[in-house]
Peer 1: 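Take this structure, written in structure tokens, and hold onto it; I'll ask about it next.
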Amino acid sequence: MHSPSVRVGLIGAGRMGSFHAESLAQRVPGAQLVAVADPQPGAAQALATKLGVSKAFSDLQALLNDPEVDAVVIASPARTHAAWIIAAAQAGKHVFCEKPMAVKLEEADRAIAAAKTAGVVLQVGFNRRFVSGFAAAIAAVKAGENGTTQLSRSVTRDPLLRDPAPIPQWTIFLETLIHDFDTLLHFNPGAKPVAVCALADALVRPDFKAQGLLDTAVVTIRFDNGAIATAEANFQAVYGYDVRGEVFGSKGMMQAGNINLNNCVTYRENGIGIATSRMDTDLLRDAYVAELTEFVHCIRSGETPRATGEDARNALEIALACIASVEQGRSITLGDR
């Protein structure tokens, strides 16, 4: 017999929050979306009305104080995440938070501690772990099927850089490559990163470089078992949303990620073509639903989610080392910042 539905409140009704809200309302078994909160006037009410949800708040704390909310999904701006995780945990709510969980290590530690103290589930939105190819590669590496990891790489190329003006400084490391860092850590389980070197520039929109925008980056990571990993990102791939990973070990190699919108290949007089995904919510749609499904399952079962607060902290440590590397123009030894 199943326990009753998990009653979920959403914090942040922007693009990603709205997609998560639709998933919770329509696609996640065992979940019931009961409330939406967003400080923007009218934003929560509009989304709540669209999805048939009775409660909408412009005061985010009011949602956390609601006894009819069991868990929250946090999709507010990145630099608010840690504070809302702590507030939600203190209110006794289980927490799913979009990445990054925090932008400082001390914030991450406080968020992890708050969830532990409250005894609530804390899961972070590393959606790539729920993409079938990445999940299979990580599981195979963990089982030893690929041997000892020696080289790995991860790529994130976003499809279109619209207006760069609102993008906070260091977003490429804290919000984009954070996914790649999490992937690379899981491609080399049990190993610890010891040195990070990052190169970054504004190549898509050089006119925004003076305002702190970096839209292109390459990172190398050295691990304590000698393995070397690379991560790269760019904010504008004209051909679509491109997310791929590769792990090379002593017993072979595995590749994950596929830009194809579907399995159809067209053959025409002007060549061979494949339709590509142009949005994360298209390419990663199933993964976004699967991560929320796991969140609800973990609340009901008491199991630990596969993307934990500690995982988010480990990826953040690399992102912060990248920032230091760019600022100082040198390789950064972890723990040495």
Peer 1: For the residue pair R306 and F130, would you count it as a cation-pi contact if the rule is NZ or CZ under 6.0 angstrom from the ring centre and within 45 degrees of the ring axis?
Peer 2: yes

Peer 1: Does this structure show an ion pair linking E68 with K55, if we count only N-O contacts that are shorter than 4.0 Å?
Peer 2: yes

Peer 1: Do H94 and F295 make the cut of ring centroids closer than 6.0 angstrom?
Peer 2: no

Peer 1: Looking just at side-chain N and O atoms, do R300 and S5 make a donor-acceptor pair shorter than 3.5 Å?
Peer 2: no

Peer 1: In chain order, what residues pass the side-chain contact (heavy atoms from CB on, under 4.5 Å) check against V131, with sequence neighbours excluded?
Peer 2: F134, L284, A287

Peer 1: Does either side chain, that of D282 or that of S277, offer a donor lying less than 3.5 Å from an acceptor on the other one?
Peer 2: no

Peer 1: Is D163 salt-bridged to R205, going by a charged N under 4.0 Å from an acidic O?
Peer 2: no

Peer 1: Establish, for the pair R27 and F19, whether the NZ or CZ atom is under 6.0 angstrom from the six-membered ring centre and no further than 45 degrees off its axis.
Peer 2: yes

Peer 1: Going by distance alone, is a donor N or O of one side chain under 3.5 Å from an acceptor N or O of the other, for N65 and Q61?
Peer 2: yes

Peer 1: Kindly write out the residues that satisfy ring-ring contact (aromatic ring centres under 6.0 Å, His included) with F173, not counting sequence neighbours, or none if the list is empty.
Peer 2: none

Peer 1: Evaluate whether atom CG of N263 has more than 12 neighbouring non-hydrogen atoms of other residues, nucleotides or ligands under 6.0 angstrom away.
Peer 2: no

Peer 1: R278 and T276: side-chain donor and acceptor closer than 3.5 Å?
Peer 2: yes

Peer 1: Just wondering, more than 12 heavy atoms not from E145 lying within 6.0 Å of its CD?
Peer 2: yes

Peer 1: Can E303 and H297 be counted as having a side-chain donor-acceptor contact under 3.5 angstrom?
Peer 2: yes

Peer 1: In this structure, is the centre-to-centre distance between the rings of H186 and F126 below 6.0 Å?
Peer 2: no

